[in-house]
Amino acid sequence: MTVRTRFAPSPTGQVHIGNIRAAIYNWLFARHTGGKFLLRIEDTDRARSTPAALQTVLDALAWLDLQPDEPPLYQSTRTAAHLAAAEELLRRGCAYRTDKGGTGQGECVLFRMPGTDLSFHDEIKGDLVKQAADLPDFVIVRSDSTPVFHLANVVDDIAMQVTHVIRGDDHVANTFRHIALFRALGAPVPKYAHLPMIVNAQGKPYSKRDGAAYVGDFRAQGYLPAALLNYLALLGWSPGDDREVLSRAELIRLFTLARVQSSPAQMDPVKLQWMNGEYMRALPPAARAAGCRDVLQARGLWNDALPAEYLGRVLDVLQERVKLFTDIATAAYFFTEDYPYDEAVVQKRLRAPGALERLAAARSAYAALTDFSARSTEQALRDLAAARGASFGDWVHPVRVAVSGTAIGPSLFHLLEVLGRHRVLQRLDKTLARFTA
RNA sequence: GACCCCAUCGUCUAGAGGCCUAGGACCUCAGGUUUUCAUCCUGGUAACACGGGUUCGAAUCCCGUUGGGGUCGCCA
């Protein structure tokens, strides 16, 4: 029997990392076993399910390239099947109608639990048991004749022939009900694997209050989908050796439910960032440029007047300083003349004794250069340092602040080369005029 | 409260009785390289929650304690 797993989100908002991790594990397990990964949209909560939220789910899956192997099943189209199953249970005496609690809401349908202890083997948590006394009957069809989650979930899993239910462990208690339902419906019970949650530093469920919590947040912050996938795969699972940066193919090959952790895992944004840097440096230059261009355009820093290959040259110079696409915004001075000066740095580097004189001398030397390569701008400054005294650094820093407004950044001379003679002289003049009393 | 789950460095984890004076990664710290930052290189700090058993031997098995978490809807 081939494996069939499913991701069954309800489209009621953003896609939480805990949910997407469940999707990732379902996908990895299906791929590892040569099975199918399915998608079921649990959109039966009419009040909360929206088309926009549905699109968000689809976008998240597409972004991470977790494409389902069959068209998604929309639970809202399955009401007749759910109700038919309830009728069948009624007919067999496995369910009964009653006005539960005498609330006057009318009669609803309750499922009759078998009255025996129930147990199942969880692929992650091991054997789980529940006493009959802790398993009361429950509602499967509301008094307004709409099916309840438990019924819909099981009926649809049967229809989709799901063999492995991999989901968050907040569903452990539900599982006993679901198993009883499968049996009453005469269907084979799937295997279960319950994933521990992703928690914050306080051990509570990780939420948006703790930082980026939705797939869309990470995308907006400039993360690479492959990096997020890799990080999340490792949050609660490990291949058993020391490897951490793993390709999709390796992830698929190595993934097993037996190696999924049974204890909660804490989200570590810093490590995610490190991992993103690992993926970023392996990214083809064109892809890196495309991602950065999107960020620049979104922030109004994109300048059509600059040559097409300009961004590529900037990124060559920036190198691993760009760990996230959004990091390109910290080097805005490459794209605008209206870059800010860091006051503390100005104080330290331009107001230092002799700094402006050295800057003026550098300006003159650069104006005389015909070859404006990194090699020649460096040589010019080294010559000045040798002839006029002061350390090389004392000549470098003022120039850096003048052309970029900041103390941090790539190799100065490569920066100058990318900027070009014209803009460099212009910036030097502007800075000199501005800070010379 | 009842029921259930969980417990190795700050974090993610390796560890399925002797290979553990507990390994790796992120973070952090100290050096080195360097015009700054980043990268890179070298080295360091840092953990088996506690208490009982079982055993020749326990991070690994059992029990208890403590601490966390989850579930107790005619939500999903």
Side-chain angles (χ1 to χ4, degrees), chain A residues 8-12 42-45 47-49 75 98-101 103 105-110 122 124-126 128-131 133-136 138-150 152-153 168-176 194 196-199 201-205 231 234-245 258-259 261-275 277-278 281 318-323 327 330-331 345 348-349 378 381-382 385 391-401 404 406-413 415:
Chain A
S10 36
T12 55
E42 303 210 328
D43 54 353
T44 50
D45 186 338
R48 293 195 299 153
S49 298
Q75 197 159 63
T98 184
D99 179 0
K100 190 187 177 203
T103 55
Q105 292 177 69
E107 288 198 323
C108 56
V109 180
L110 292 222
D122 190 280
I124 295 170
K125 295 178 180 293
L128 266 17
V129 193
K130 198 99 167 170
Q131 306 290 303
D134 296 319
L135 295 167
F138 60 97
V139 177
I140 54 176
V141 178
R142 300 185 188 89
S143 46
D144 66 359
S145 296
T146 58
V148 166
F149 163 74
H150 304 295
N153 195 272
D169 70 4
D170 47 330
H171 280 296
V172 170
N174 289 334
T175 302
F176 296 95
H194 287 95
M197 31 184 54
I198 295 178
V199 300
Q202 287 70 239
K204 309 271 191 213
Y231 176 77
L234 250 34
L235 196 61
W237 171 83
S238 88
D241 56 30
D242 293 337
R243 285 175 296 173
E244 304 214 86
V245 179
R259 296 207 60 86
Q261 208 73 11
S262 57
S263 52
Q266 191 174 315
M267 178 71 187
D268 182 359
V270 177
K271 186 158 184 177
L272 202 210
Q273 204 164 50
W274 161 78
M275 184 159 288
E278 293 295 302
R281 76 168 63 187
L318 251 16
Q319 294 179 45
E320 46 279 288
R321 270 162 277 251
V322 177
K323 280 200 175 68
D327 286 342
T330 64
V345 174
K348 182 176 180 188
R349 299 301 189 189
E378 173 166 3
L381 220 52
R382 287 202 185 275
S391 71
F392 185 53
D394 285 339
W395 286 86
V396 167
H397 300 307
V399 177
R400 177 187 294 286
V401 181
S404 72
T406 172
I408 61 176
S411 153
L412 175 66
F413 307 105
L415 189 168

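Each chain gets a letter, A, B and so on, in the order the sequences are listed, and its residues count up from 1.
Computed from coordinates, the A:Glu244 CD to B:rC26 C1' distance equals 8 Å when rounded to whole Å. Distance CD (A:Glu278) to P (B:rC26): 8 Å, rounded to an integer number of Å. Rounded to whole Å, the distance from CG on A:Leu272 to P on B:rA25 is 19 Å. Regarding A:Asp327, its CG atom lies at a distance of 12 Å from the C1' atom of B:rC37, rounded to whole Å. Separating the CD1 atom of A:Ile140 from the C1' atom of B:rG73 is a distance of 16 Å, rounded to the nearest angstrom. Atoms CG (A:Leu235) and P (B:rC26) sit 16 Å apart, rounded to a whole Å. Taking atom CG on A:Asp241 and atom P on B:rU13, their separation rounds to 15 Å, with Å as the unit. As a whole-Å value, the separation of A:Leu234 CG from B:rU11 C1' is 13 Å.
At a threshold of 4.0 angstrom between heavy atoms, the contacts of A:Ser411 include nucleobase atoms, whether or not backbone atoms are also involved. No engagement by A:Asp43 is indicated, since no non-hydrogen atom pair under 4.0 Å with the nucleic acid exists. Nucleic acid contact class of A:Arg281 (heavy atoms, under 4.0 Å, all strands): sugar-phosphate only. Residue-level contact check: A:Gln261 touches the backbone only, with heavy atoms under 4.0 Å from sugar-phosphate atoms and none from bases. Among the heavy atoms of the strands, none lies under 4.0 Å from A:Pro196. In this structure, A:Asp394 reaches neither bases nor backbone, as no heavy-atom distance under 4.0 Å exists between it and the strands shown. Residue contacts for A:Gly203: at a heavy-atom cut-off of 4.0 Å it reaches the sugar-phosphate backbone alone, with no base atom in range. Residue A:Ala265 is in sugar-phosphate contact alone, with no base atom involved, counting any heavy-atom pair closer than 4.0 Å across all strands shown. Nucleic acid contact class of A:Glu42 (heavy atoms, under 4.0 Å, all strands): sugar-phosphate only. Across all strands shown, A:Gly236 has heavy atoms under 4.0 Å from sugar-phosphate atoms exclusively, and none from any base. Using a 4.0 Å heavy-atom cutoff across all strands shown, A:Leu412 reaches at least one base atom of the nucleic acid. Counting any heavy atom pair closer than 4.0 Å across all strands shown, A:Met197 reaches sugar-phosphate atoms only and no base atom. Contact annotation for A:His194: no contact, since no heavy-atom pair falls under 4.0 Å across all strands. When heavy atoms are screened at a 4.0 angstrom cut-off, A:Phe413 is found touching base atoms of the nucleic acid.
Between the CD atom of A:Glu107 and the OG1 atom of A:Thr98 there is a distance of 6.5 Å, given to the nearest 0.5 Å. The distance from atom NZ of A:Lys323 to atom CG of A:Leu272, rounded to the nearest 0.5 Å, is 13.0 Å.
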Trace of the side chain to side chain contact (heavy atoms under 4.5 Å, CB included) decision for A:Val245 with A:Trp274: CA-CA 11 Å; A:Val245 179; A:Trp274 161 78; 4.1 Å; yes

Under the side chain to side chain contact (heavy atoms under 4.5 Å, CB included) criterion, do A:Phe149 and A:Thr44 qualify, and how do the steps go? CA-CA 8 Å; A:Phe149 163 74; A:Thr44 50; over 6 Å; no

Under the criterion side chain to side chain contact (heavy atoms under 4.5 Å, CB included), I'd like the reasoning laid out for A:Glu42 against A:Asn153: C-alpha separation, chi angles, the key distance, then a yes or no. CA-CA 8 Å; A:Glu42 303 210 328; A:Asn153 195 272; 3.2 Å; yes

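In this view, A:Asp122 and A:Phe120, A:Ile124, A:Lys125, A:Leu128, A:Tyr192, A:His194 satisfy the side-chain contact (heavy atoms from CB on, under 4.5 Å) rule, not counting sequence neighbours.
For the P atoms, the distance linking B:rG10 with B:rC50 amounts to 13 Å, nearest Å. Using atom P as the reference point in both B:rU39 and B:rA30, the two lie 15 Å apart (nearest Å). For B:rA49 and B:rU8, the C1' atoms lie 10 Å apart once the distance is rounded to whole Å. Annotation: B:rC9 and B:rC41 have their P atoms spaced 27 Å apart (nearest Å). Across the C1' atoms, B:rG15 and B:rG24 are found 12 Å apart, a figure rounded to whole Å. Taking the C1' atom of each, B:rA46 and B:rU21 are spaced 16 Å apart, rounded to whole Å. Remark: the separation of the C1' atoms in B:rG23 and B:rU60 is 15 Å, to the nearest Å. Rounded to whole Å, the C1' atom of B:rC61 lies 15 Å from the corresponding atom of B:rC48.
Not a single donor-acceptor pair, N or O on each side, falls under 3.5 Å between the base of B:rA38 and the side chain of A:Lys323.
Panel note: side chain A:Asp134, backbone A:Lys130; no donor-acceptor pair is recorded below 3.5 Å. Not a single donor-acceptor pair under 3.5 Å links the side chain of A:Ser145 to the backbone N or O of A:Val141. At distances below 3.5 Å, not a single donor-acceptor pair connects side-chain atoms of A:Tyr231 with backbone N or O atoms of A:Met267. Of the possible donor and acceptor atoms, one in the side chain of A:Arg259 sits under 3.5 Å from a partner among the backbone N and O of A:Ser238.
With a 3.5 Å ceiling on both atom-pair distances, the Watson-Crick or G-U wobble partner of B:rU66 is B:rA7. A 3.5 Å limit on both hydrogen-bonding distances identifies B:rC72 as the Watson-Crick or G-U partner of B:rG1. For B:rA58, there is no paired nucleotide, since no Watson-Crick or G-U wobble pair has both relevant distances below 3.5 Å. Checking B:rU39 for Watson-Crick or G-U wobble geometry (two distances, each under 3.5 Å) identifies no partner in any strand.
For A:Ile408, whose side chain is taken as the heavy atoms from C-beta onward, the closest listed nucleotide among B:rC74, B:rC26, B:rU36 is B:rU36. The side chain of A:Val139 lies closest to B:rC74, out of B:rA38, B:rC74, B:rA76. Taking the side chain of A:Val396 as heavy atoms from C-beta on, and the options B:rA38, B:rC27, B:rU35, the nearest nucleotide is B:rU35. In this structure, the nucleotide among B:rA76, B:rU35, B:rA25 sitting nearest to the side chain of A:Arg48 is B:rA76. Closest to the side chain of A:Gln266, out of B:rG70, B:rC12, B:rC74, is B:rC12. Comparing atom distances between the A:Gln105 side chain and each of B:rC74, B:rG24, B:rC27 picks out B:rC74 as nearest.
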Contacts under 3.5 Å, N or O only, protein and nucleotides 2-6 of chain B:
{"residue": "B:rC3", "atom": "O2'", "partner": "A:Lys130", "partner atom": "NZ", "Å": "3.0"}
{"residue": "B:rC5", "atom": "O2'", "partner": "A:Lys125", "partner atom": "NZ", "Å": "3.1"}

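Between A:Ser143 and B:rC74 there is no side-chain polar atom (N or O) within less than 4.0 angstrom of OP1 or OP2. The shortest distance between the side-chain N/O atoms of A:Arg259 and the OP1/OP2 oxygens of B:rA16 is not below 4.0 Å. For A:Arg142, a side-chain nitrogen or oxygen approaches OP1 or OP2 of B:rA76 to under 4.0 Å.
In this pair, A:Phe138 and A:His150 present their aromatic rings perpendicular. The plane angle is above 60°, beyond the 30 to 60° band.
A donor-acceptor pair shorter than 3.5 Å cannot be found between the side chains of A:Arg400 and A:Ser404.
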